Every structure is written in structure tokens, then in C-alpha cells.
Amino acid sequence: MRALKILFVSPEVEPFVKVGGLADMVGALPKELAKLGHDVRIVCPAYGTVKRIGEWHARPEPLGVEVGPATAWARTWETVLPGTAVPAYFIENNDFFSRPEVYTSPWGSCEDNDLRFAFFSRAALTLCQQLGWTPDVVHGHDWSVGLVPMMLNTTLRATPLGQTASVFTIHNLEHQGYSPSRVVNYARLPWSEFLRDGLVSDGMVNLMRTGLYQSTKLTTVSPTYAGEIRTADGGFGLDGVLRFRAGDLVGIVNGIDDESWDPARDRALPANYSAADLAGKAHCKAKLQERFGLEVNPAIPLFGVVSRLAAQKGLDLLAEALPGILDGMKVQFVLLGNGDSRLENTFNWANQAYRGSFGAHIGFDGGLARLIQGGSDFFVMPSRSEPCGLTQMYAMRYGTLPIVRATGGLVDTVENYVEGQERGTGFVFNDATASALTNSIGWACATYYDRPRELAGLQQRAMAVDFSWRHSAPQYVDLYRWAVERRTGVYPG
Ligand code: ADP
Ligand code: GLC
């Protein structure tokens with residue numbers, strides 16, 4: 001079958017710029033697609049804080065981007081995804097991307113995101129024209145690039161890019177990019193398209209909704225989430241359009257980059273280990289206890305959290321449950337996260353109040369995230385909603401048993417423990433309540449103390465699951481081919 005040309009258009013890509021798991025996905029799936037022989041490339045904004053890893057070359061010609069009243073200009077930097085030949089392009093523009101923040105202004109507002117990402121979307125497609133490289137598929141990620149499919153369908157329809165199919169992935173339906181309608185003129189898109197599908201209301205445009213209507217095919221990051229978002233409860237107001245497009249929506253569970261996330265090779269760990277020899281994991285646990293000022297004691301079960309502190313992640317339930325858990329059980333907790341200031345304050349306070357059994361680090365720290373994955377016995381993820389979730393998969397690969405709520409991708413990736421039956425890879429609970437979380441943690445704790453052989457079995461099964469992209473990348477390739485057929489009328493066999 002013929003190789004495809006695929007352009008990833010994304011606001012984040014690991015290891016250059018990361019806010020959450022979207023970056024991990026965009027940094028990992030292209031590697032696997034390239035291994036399958038496809039010509040895959042990535043384009044992302046060059047934020048002020050982008051890490052210039054590897055060799056970066058500025059492209060000789062400036063990029064003239066047709067937005068707003070007059071052409072705007074960008075510089076394009078070219079590099080590769082580390083360890084691969086996958087080209088990664090970064091769009092530099094001082095007005096929009098010199099600031100360090102990815103999704104906000106320096107004072108925390110989102111007021112010019114519509115212009116920033118309309119500019120970026122148009123720039124990504126203009127870059128293809130400048131390169132003389134016409135992708136078969138443009139694969140966009142979340143609301144920030146929601147205008148890309150419409151650009152292909154309208155202003156670029158009569159150009160070679162008019163034959164390019166679009167695939168739009170929903171990483172998180174909660175964030176929709178609600179933008180002032182000035183963005184329509186700024187992006188030089190036809191008003192008729194927005195009015196027809198009700199994409200403008202009360203003077204605002206919903207960028208996510210626009211992508212959902214205009215994209216050739218839609219994906220989201222787990223099969224269970226693909227079902228949830230078509231219901232009124234899980235659709236965040238967009239369930240109608242998702243039911244309308246249900247035939248074009250596929251849930252494909254994310255993989256993980258199992259070369260980067262490998263306890264046998266991870267250089268951020270103080271000792272490496274594998275399922276066959278877990279001695280290094282005990283060393284990681286001791287280092288983690290030491291780092292957070294906890295009693296260094298291998299016998300006490302250690303629960304870890306690495307998370308954005310957002311309502312979605314359900315960590316308010318942990319905050320509520322914590323006093324009872326720490327009073328009633330002989331356990332330790334470590335937490336790494338940042339985001340919501342109320343939760344940050346709560347966990348900072350707990351850091352003082354439960355010194356010795358609870359430790360929090362408020363901030364973003366990739367190395368510490370890996371130490372927590374390696375050094376903990378259990379990984380806690382009480383998400384209210386979780387499109388896929390990567391951290392539970394990292395945990396399992398690191399022999400750390402996930403304790404998760406049954407929602408979205410957590411349902412698709414964690415199998416609940418069944419006592420005495422050698423089944424399960426973690427602990428799953430249903431209700432988004434502090435008491436359900438406490439019970440699940442209690443169950444894990446009892447398993448740790450009373451059934452060490454069963455615990456070891458759980459750990460071996462968790463470590464043996466293959467979460468790599470090898471399973472999911474071919475599903476994307478199938479989808480790309482269907483998208484191309486839909487767009488051009490010819491199946492790219
Ligand atoms: P989400 O994208 O909703 O935040 P995921 O589980 O898909 O959730 O991915 C989160 C990613 O971000 C993981 O790679 C995780 O290790 C990382 N991460 C989250 N919070 C932090 C933090 N405070 N410091 C370092 N890494 C973090
Ligand atoms: C989003 C979701 C998370 C998912 C990630 C990568 O940030 O919240 O569940 O794993 O995207 O697709």
C-alpha cells in the first residue's frame with residue numbers, strides 16, 4: 001500500500017513543549033507512523049519557552065501568512081523529533097508566541113487565543129505550500145486548530161491542499177476555544193459557513209465545534225470516551241454534533257512511547273529495573289521517600305499522584321479523603337501537580353499538616369514525575385472525566401498499580417483486581433466520591449499488607465501489558481486512508 005503524507009498540526013509536542021498528555025501523544029504517534037513507512041511531519045508554535053532540543057535551522061524564506069487586514073509574517077524553525085527523521089517545524093511570531101505561556105497571556109487571560117491560533121493554523125497550511133509538500137491528511141489536535149479543516153474546505157479548496165483530508169482528534173472536550181467572532185474575518189473565512197451550522201452564537205465562535213463539523217474524520221483518544229461524549233452528560237454541550245457525526249467518529253486508545261517510558265532505561269530514575277528484577281524499584285522508593293521527607297521504610301505502602309490540578313482530575317476528592325486515610329491507615333502519599341490555585345493551596349497546607357506521611361510538590365517537573373512513577377507502589381487517579389489518560393499506563397509499565405475511577409480511557413486501560421483469581425492490573429472504583437476513593441485505597445492497602453503474593457501477581461500482569469503505539473498506530477493509518485477516500489473519491493491503496 002502506498003505511504004501517506006501526514007501533517008500533525010498541534011499546539012504541543014513532547015519533548016519541545018508540553019502542558020499535558022496531548023504533547024506526549026503528538027510526540028509519540030508520529031514515530032510509530034514513520035516506522036510504518038509514512039512521511040509524517042509536525043508543526044507547532046515556537047513559544048518563548050519551547051525547548052530547542054537538537055539542531056534547529058531557520059528556514060531561509062519568511063512565511064507570509066494571510067490573516068487579518070494585511071499579510072503577517074513568521075519565521076519557521078526546522079528540526080527533527082529526537083531519535084528520528086520526523087521533521088518538526090516551529091512557527092515563530094513575536095506578537096503571538098514570544099511569551100512563555102502556551103494557552104494564556106502573561107496575565108493569565110485567554111483574550112488573544114483566537115488570533116494566535118488562527119494565525120498558527122493558517123501558517124501551518126501556508127508552510128505546506130511553501131515547502132511544495134501537499135499532505136494527504138492534516139491531523140489536528142484539539143480546539144486550538146479547530147479552524148484548520150474549514151480552511152481546507154473553503155479558502156484552500158481550489159488549491160492542491162483542497163484535496164487534503166482532515167482528521168481532528170478530541171483530546172479533551174472540556175476545552176472548546178470559545179472565541180470572539182472577530183476571528184472569522186481575521187482568519188479570512190467565509191461567514192456563510194459559520195452561520196449555516198450555528199457556529200456563531202452571542203457573538204462568539206466555538207473553535208472545537210467548528211473542527212467537529214468541518215473535519216473529514218474525527219477521533220478521540222479512547223473507545224469509552226467516544227461513547228461518553230455522545231451523551232448529554234459527557235458531551236459538554238457538543239453531544240448533538242457528535243451524534244450527528246457519529247459515523248465518522250472513532251475512539252482509538254492512546255499508546256505510550258515505551259522507549260522513553262521504560263523503567264529499564266529511564267535515566268531520571270536513581271536505579272533501573274524490570275519485571276524480572278525489581279530490586280531497582282525498591283531503591284527508587286527509598287529515594288522518593290527521602291526526597292519528600294517521609295520515613296524511609298520499604299514496608300509502608302506509598303501512593304503517588306502526578307497530575308494537572310484541574311477539576312477533571314477529581315483531586316478535590318483526594319483532598320477531602322486525605323485526613324481520614326492518613327488517620328486510619330499506615331500509608332504514605334506523594335503528589336506532584338500544578339494548576340488550580342485552591343487545590344495547590346490545599347495540598348501545600350497538607351504538606352505541613354501531615355509532614356512525614358504526605359508530601360506535595362507544586363510545580364511541573366518531568367524528572368520528578370518519573371521518580372514518582374518508579375518509586376510509588378500505587379498511582380492514584382480519581383478522575384471525574386478522563387478522555388484517555390497516559391499516567392496510569394506509565395504507572396503500570398513502572399510496576400506501580402493504578403487506583404482509578406471507571407471513566408473514559410481508564411475503563412479501557414485498567415482491568416480491575418479480582419481477589420483470588422489472578423486477574424486485574426489495578427483497582428477500579430465507580431463513584432466520584434471521597435468515600436469510594438477511600439474504600440479503593442483501603443482495598444489496595446489491605447492487598448499490600450495481607451496478600452503480598454496477589455500484589456506481586458497484579459504487578460507482573462500490569463508490567464506485561466503492551467501499551468505501545470504498535471496497536472493503535474495502524475488504526476490511525478486505516479482512518480487516514482478512509483479520510484483520503486472520502487476527500488478524493490479514491491482509496492489510497
Ligand atoms: P492530561 O493530558 O489530561 O493532563 P495525561 O495522563 O494524558 O493527562 O497526561 C499527563 C502528562 O503530563 C503525563 O506525561 C504526566 O506525566 C505529565 N504531567 C502532569 N502533571 C505534571 C507535573 N506537574 N509535572 C510533570 N509532568 C506532569
Ligand atoms: C487530554 C486528556 C487525557 C489524554 C490526553 C492525551 O489532555 O485529558 O486524558 O490522555 O489528552 O490524549
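Given the structure is predicted, the values throughout are model-derived calculations rather than measurements. Note that ligands are numbered from 1 as they come in the structure, with each ligand's atoms numbered from 1 the same way. The chain is numbered in sequence order, starting from 1.
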Peer 1: Over all heavy atoms of both residues, which pair between G374 and T400 is shortest? Give the atoms and the distance, please.
Peer 2: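 The pair with the smallest heavy-atom distance is O-OG1, 4.4 Å.
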Peer 1: In the protein, which heavy atom is nearest to atom 23 (N) of ligand 1, and how far is it?
Peer 2: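 Checked against all protein heavy atoms, atom 23 (N) of ligand 1 sits closest to G363 O, 2.8 Å.
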Peer 1: Tell me if the aromatic rings of H139 and Y476 count as close, with their centers under 6.0 Å from one another.
Peer 2: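 Yes - the distance between ring centres of H139 and Y476 falls below the 6.0 Å cut-off.
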Peer 1: Check D112 with R99, please: is the shortest side-chain N to carboxylate O separation under 4.0 Å?
Peer 2: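 Salt bridge: yes.
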Peer 1: Which residue and non-hydrogen atom of the protein lie closest to atom 15 (C) of ligand 1, and at what distance in Å?
Peer 2: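 Going by distance alone, atom 15 (C) of ligand 1 is nearest to T391 CG2, 3.5 Å.
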Peer 1: So F119 and F96, would you call those rings parallel, tilted or perpendicular, with 30° and 60° as cut-offs?
Peer 2: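 Ring orientation, 0 to 90° scale: tilted.
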Peer 1: Quick one: look up the protein heavy atom nearest atom 5 (P) of ligand 1 and list residue, atom name and how far away it is.
Peer 2: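 The closest heavy atom on the protein side is L390 N, 3.6 Å.
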Peer 1: Around atom 22 (C) of ligand 1, find the nearest protein heavy atom and jot down its residue, atom name and distance.
Peer 2: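 Here the closest protein heavy atom is F364 CD1, 3.4 Å.
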Peer 1: Compare R308, M393, E14 and give the one whose heavy atom is closest to atom 19 (C) of ligand 1.
Peer 2: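 When every heavy atom of R308, M393, E14 is considered, R308 comes closest to atom 19 (C) of ligand 1.
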Peer 1: Using a strict cut-off of less than 4.0 Å between a Lys/Arg side-chain nitrogen and an Asp/Glu carboxylate oxygen, indicate whether D316 and R384 qualify as a salt bridge.
Peer 2: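 Yes, D316 and R384 are salt-bridged.
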Peer 1: Identify the closest protein heavy atom to atom 2 (O) of ligand 1: which residue and atom is it, and at what distance?
Peer 2: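 Sorting protein heavy atoms by distance from atom 2 (O) of ligand 1 puts G21 N, 2.6 Å first.
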Peer 1: Between D266 and R370, is there a salt bridge with N-O shorter than 4.0 Å?
Peer 2: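 A salt bridge is present here (some side-chain N lies under 4.0 Å from a carboxylate O).
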Peer 1: Nearest to atom 20 (N) of ligand 1 by heavy atom, A23, P387, S307: which?
Peer 2: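 When every heavy atom of A23, P387, S307 is considered, S307 comes closest to atom 20 (N) of ligand 1.
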Peer 1: Could you check whether the rings of F117 and W143 sit parallel, tilted or perpendicular, using 30° and 60° as the cut-offs?
Peer 2: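 Plane angle over 60°, so perpendicular.
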Peer 1: Testing the basics here: between F16 and P82, what is the closest heavy-atom pair and its distance to 0.1 Å?
Peer 2: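 Answer, listing the atom of F16 first, then P82: CZ-CD, 3.8 Å.
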Peer 1: Please work out which of H361, Q392, K18 has its closest non-hydrogen atom nearest to atom 12 (O) of ligand 1.
Peer 2: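 Shortest heavy-atom distance from atom 12 (O) of ligand 1: K18.
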Peer 1: Identify, chain by chain and in numerical order, each protein residue with a heavy atom under 4.0 Å from an atom of ligand 2.
Peer 2: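 Residue list for ligand 2: G21, L22, H171, N172, V221, N254, R308, Q312, E386, P387, C388, G389, L390.
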Peer 1: Once the angle between the rings of Y213 and F244 is folded into 0 to 90°, is it parallel (under 30°), tilted (30 to 60°) or perpendicular (over 60°)?
Peer 2: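 Because their plane-to-plane angle lies in the 30° to 60° range, the rings of Y213 and F244 count as tilted.
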Peer 1: Can you figure out which of D257, D24, D365 has its heavy atom closest to atom 24 (N) of ligand 1?
Peer 2: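 The residue whose heavy atom sits nearest atom 24 (N) of ligand 1 is D365.
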Peer 1: Please state whether the rings of W443 and F427 are parallel, tilted or perpendicular, taking 30° and 60° as the class boundaries.
Peer 2: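 Ring orientation, 0 to 90° scale: perpendicular.
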Peer 1: Quick check on contacts: which atoms of ligand 1 are under 4.0 angstrom from a heavy atom of G389?
Peer 2: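 Atoms satisfying the 4.0 Å criterion: 6 (O), 7 (O).
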Peer 1: Heavy-atom contacts under 4.0 Å between K313 and ligand 1: side chain, backbone, both, or neither?
Peer 2: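 The part of K313 near ligand 1 is the side chain, not the backbone.
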Peer 1: Please report the shortest heavy-atom distance between L81 and P30, naming the atom on each side.
Peer 2: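 What the structure gives for the nearest pair is CD1-CB, 4.3 Å.
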